[in-house]
Protein chains: 2
Amino acid sequence: MSVGRETRLSAWIERFAAHFEREGIPLIGGRILGYLLVCQPTERTAAELSQELEASSGSISTNLKFLVGEGLVTKRTRRGRQAAQYRINEKRWGDLVARKLDALTSVRELTEAGMRLMSGDPERAMRLRAVDDLYTWLATELPAVWERRPSSSR
Amino acid sequence: MSVGRETRLSAWIERFAAHFEREGIPLIGGRILGYLLVCQPTERTAAELSQELEASSGSISTNLKFLVGEGLVTKRTRRGRQAAQYRINEKRWGDLVARKLDALTSVRELTEAGMRLMSGDPERAMRLRAVDDLYTWLATELPAVWERRPSSSR
DNA sequence: CGATGGTTTCAGTGCCCGCCGAAACAGGCG
DNA sequence: CGCCTGTTTCGGCGGGCACTGAAACCATCG
């Protein structure tokens with residue numbers, strides 16, 4: 001007997017969340033992202049997320065606040081007694097990637113500072129120099145690549 | 001009165017370690033890397049590192065083992081009663097960066113798997129599609145950039 | 001002005017992980 | 001075969017963080 005589509009989807013969400021947990025996003029935050037990427041309809045209330053993902057209302061609240069702050073999730077409030085709706089803001093996913101690239105290239109500032117401290121002692125600077133060269137190259141290449149990004153993925 | 005060079009160096013090592021701690025490398029591991037990049041002479045024993053970095057022998061051992069495993073540090077044993085010497089292996093720093101880039105592009109496998117689960121429902125796949133497009137583009141561009149890396153930074 | 005449904009806050013819990021340091025271990029030396 | 005030095009192992013400690021759930025909060029509706 002075959003596994004239902006929703007079962008496979010929730011397994012996928014779990015893998016998705018596991019990956020981003022390694023990148024520093026809380027497990028529940030990653031689940032919210034994965035779920036909001038594929039759910040139908042596209043918008044969900046905090047209560048629905050809590051039920052679907054089997055997470056406490058507190059965790060959902062904390063993580064939604066975080067994700068809204070990052071711009072990855074959009075909150076839509078409605079008048080009356082109606083619950084706010086949350087949906088993915090996939091357009092901002094690029095920001096997430098850009099921050100990752102920045103984290104990489106920013107090491108260059110460290111290596112350069114180190115090189116300045118080593119000035120006047122080329123012998124001793126050799127090891128750091130090799131590392132600095134690598135990051136200097138990265139810091140010139142990566143931003144250029146990012147700029148060439150096609151509009152279809154913005 | 002001005003601050004001594006060694007004092008500024010240890011402050012730099014601390015910033016260096018702090019940066020890599022955010023990337024998942026233990027604080028002491030980062031200190032070892034920073035220290036081995038600039039120390040003179042270039043090789044140190046475990047006992048010396050323990051003293052210089054004010055870390056326990058156990059922590060030094062654990063972290064050296066980890067760094068040697070990563071290829072970032074090389075262990076040189078000497079015959080007789082002599083202690084083993086450790087030195088930085090700056091040539092392998094590229095591997096560290098390459099793994100970071102891989103972590104980024106590997107998200108594509110996740111988004112592709114998700115897209116397959118969404119097949120036959122283009123409406124529902126739209127959000128995930130935008131994210132998948134971004135990573136697909138990344139996965140084609142980044143490896144190409146890495147290949148163009150000049151030999152000076154290898 | 002209660003009552004109601006939804007959301008956020010917050011104190012408490014458990015878990016994980018980096019670190020310590022003493023004890024065990026390894027392997028040359030005398 | 002002990003001894004000695006350097007290294008690793010391992011139990012334990014402490015800090016930090018994700019998560020929980022109940023209580024407080026907020027805004028609307030009757």
Side-chain angles (χ1 to χ4, degrees), chain A residues 10 13-36 41 43-70 72-87, chain B residues 10 13-36 41 43-70 72-87:
Chain A
S10 64
I13 291 171
E14 210 54 29
R15 282 200 293 144
F16 192 83
H19 180 273
F20 285 99
E21 191 185 26
R22 273 171 251 137
E23 319 247 303
I25 292 181
L27 196 51
I28 294 188
R31 287 192 186 118
I32 294 175
L33 287 178
Y35 184 76
L36 288 181
E43 293 185 316
R44 289 293 140 104
T45 67
E48 285 166 345
L49 290 171
S50 173
Q51 182 148 22
E52 288 289 337
L53 301 177
E54 296 171 77
S56 72
S57 60
S59 288
I60 296 294
S61 172
T62 302
N63 280 279
L64 276 177
K65 191 174 183 179
F66 168 70
L67 294 173
V68 168
E70 296 280 283
L72 291 173
V73 168
T74 304
K75 176 180 188 173
R76 189 166 64 85
T77 54
R78 297 176 295 175
R79 54 170 51 186
R81 284 206 248 226
Q82 314 236 45
Q85 305 246 85
Y86 297 91
R87 70 165 158 239
Chain B
S10 65
I13 291 171
E14 209 55 29
R15 283 200 293 145
F16 192 84
H19 180 274
F20 286 99
E21 191 184 25
R22 274 171 252 136
E23 319 244 305
I25 292 181
L27 196 51
I28 293 188
R31 287 193 187 117
I32 293 175
L33 287 178
Y35 185 75
L36 288 181
E43 293 185 315
R44 290 292 139 107
T45 67
E48 285 166 345
L49 290 171
S50 173
Q51 183 149 20
E52 287 290 335
L53 302 176
E54 295 172 75
S56 71
S57 60
S59 290
I60 295 294
S61 172
T62 303
N63 280 278
L64 277 179
K65 191 173 183 178
F66 168 70
L67 295 173
V68 168
E70 297 279 285
L72 291 173
V73 169
T74 303
K75 176 179 185 174
R76 189 167 65 85
T77 54
R78 296 176 294 174
R79 56 171 52 188
R81 291 203 237 210
Q82 315 235 42
Q85 304 246 87
Y86 297 91
R87 67 166 162 241

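Worth saying up front: this structure is predicted, and the values here are computed from it rather than measured.
The side chain of Tyr86(A) lies closest to dT8(C) when the candidates are dC20(C), dT7(D), dT8(C). Out of dA18(D), dC19(C), dT20(D), the shortest distance to the side chain of Pro26(A) is found at dA18(D). The side chain of Ala55(A) lies closest to dT20(D) when the candidates are dC19(C), dT20(D), dT7(C).
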Go through the steps for Thr74(A) and Tyr86(A) under the test side chain to side chain contact (heavy atoms under 4.5 Å, CB included), then give the verdict.
-> CA-CA 6 Å; Thr74(A) 304; Tyr86(A) 297 91; over 6 Å; no
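Atom CG of Leu49(A) and atom CZ of Arg31(A) lie 12.5 Å apart (nearest 0.5 Å).
In the displayed structure, Gln51(B) atom CD is contacted under 6.0 Å by at most 12 heavy atoms of other residues, nucleotides or ligands.
Counting to the nearest Å, the C1' atom of dG18(C) and the CD1 atom of Ile32(B) are 13 Å from each other. The distance from atom CD of Glu21(A) to atom P of dC15(C) is 16 Å, rounded to the nearest whole Å. In this structure, CG of Leu53(B) is placed 14 Å from C1' of dC19(C), rounded to the nearest angstrom. Taking atom CD of residue Gln82(B) and atom P of nucleotide dT5(D), one finds them 13 Å apart after rounding to whole Å. Atom CG in Leu27(A) sits about 15 Å away from atom C1' in dG14(C), given to the nearest Å. The nearest whole Å value for the distance from the CZ atom in Phe20(B) to the P atom in dG18(C) is 17 Å. Atom CD of Gln51(B) and atom P of dG21(C) are 14 Å apart (whole Å). Across the protein-nucleic acid pair, Leu64(B) atom CG and dG18(C) atom P stand 15 Å apart, rounded to whole Å.
The shortest non-hydrogen separation linking Leu27(A) to Ala17(A) is O-CB, 3.7 Å. The minimum heavy-atom distance linking Ser56(A) with Ser50(A) is given by the pair C-OG, 4.0 Å.
The side chain of Ser57(A) places no N or O atom within less than 4.0 Å of a non-bridging phosphate oxygen (OP1 or OP2) of dT7(C). An OP1 or OP2 oxygen of dG6(D) is reached within less than 4.0 angstrom by no side-chain nitrogen or oxygen of Lys75(B). Of the side-chain N and O atoms in Ser56(A), one or more sit less than 4.0 angstrom from OP1 or OP2 of dT20(D). In terms of phosphate contacts, Ser61(B) brings no side-chain nitrogen or oxygen within less than 4.0 Å of OP1 or OP2 of dT7(D). Within the structure, every side-chain polar atom (N or O) of Lys65(B) is placed at least 4.0 Å from both OP1 and OP2 of dT7(D).
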Which letter, B, S or -, goes with each nucleotide of nucleotides 25-30 of chain C from 5' to 3', with contact meaning a protein heavy atom under 4.0 Å?
-> ---SSS
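Side-chain N or O atoms of Thr45(B) include none that pairs as donor or acceptor with a backbone N or O of Ala83(B) at under 3.5 Å. The backbone N or O of Gly58(A) lies less than 3.5 Å from a partner atom in the side chain of Thr62(A), making a donor-acceptor pair.
Residue Ile28(A) is classed as a sugar-phosphate contact, given heavy-atom separations below 4.0 Å to backbone atoms only.
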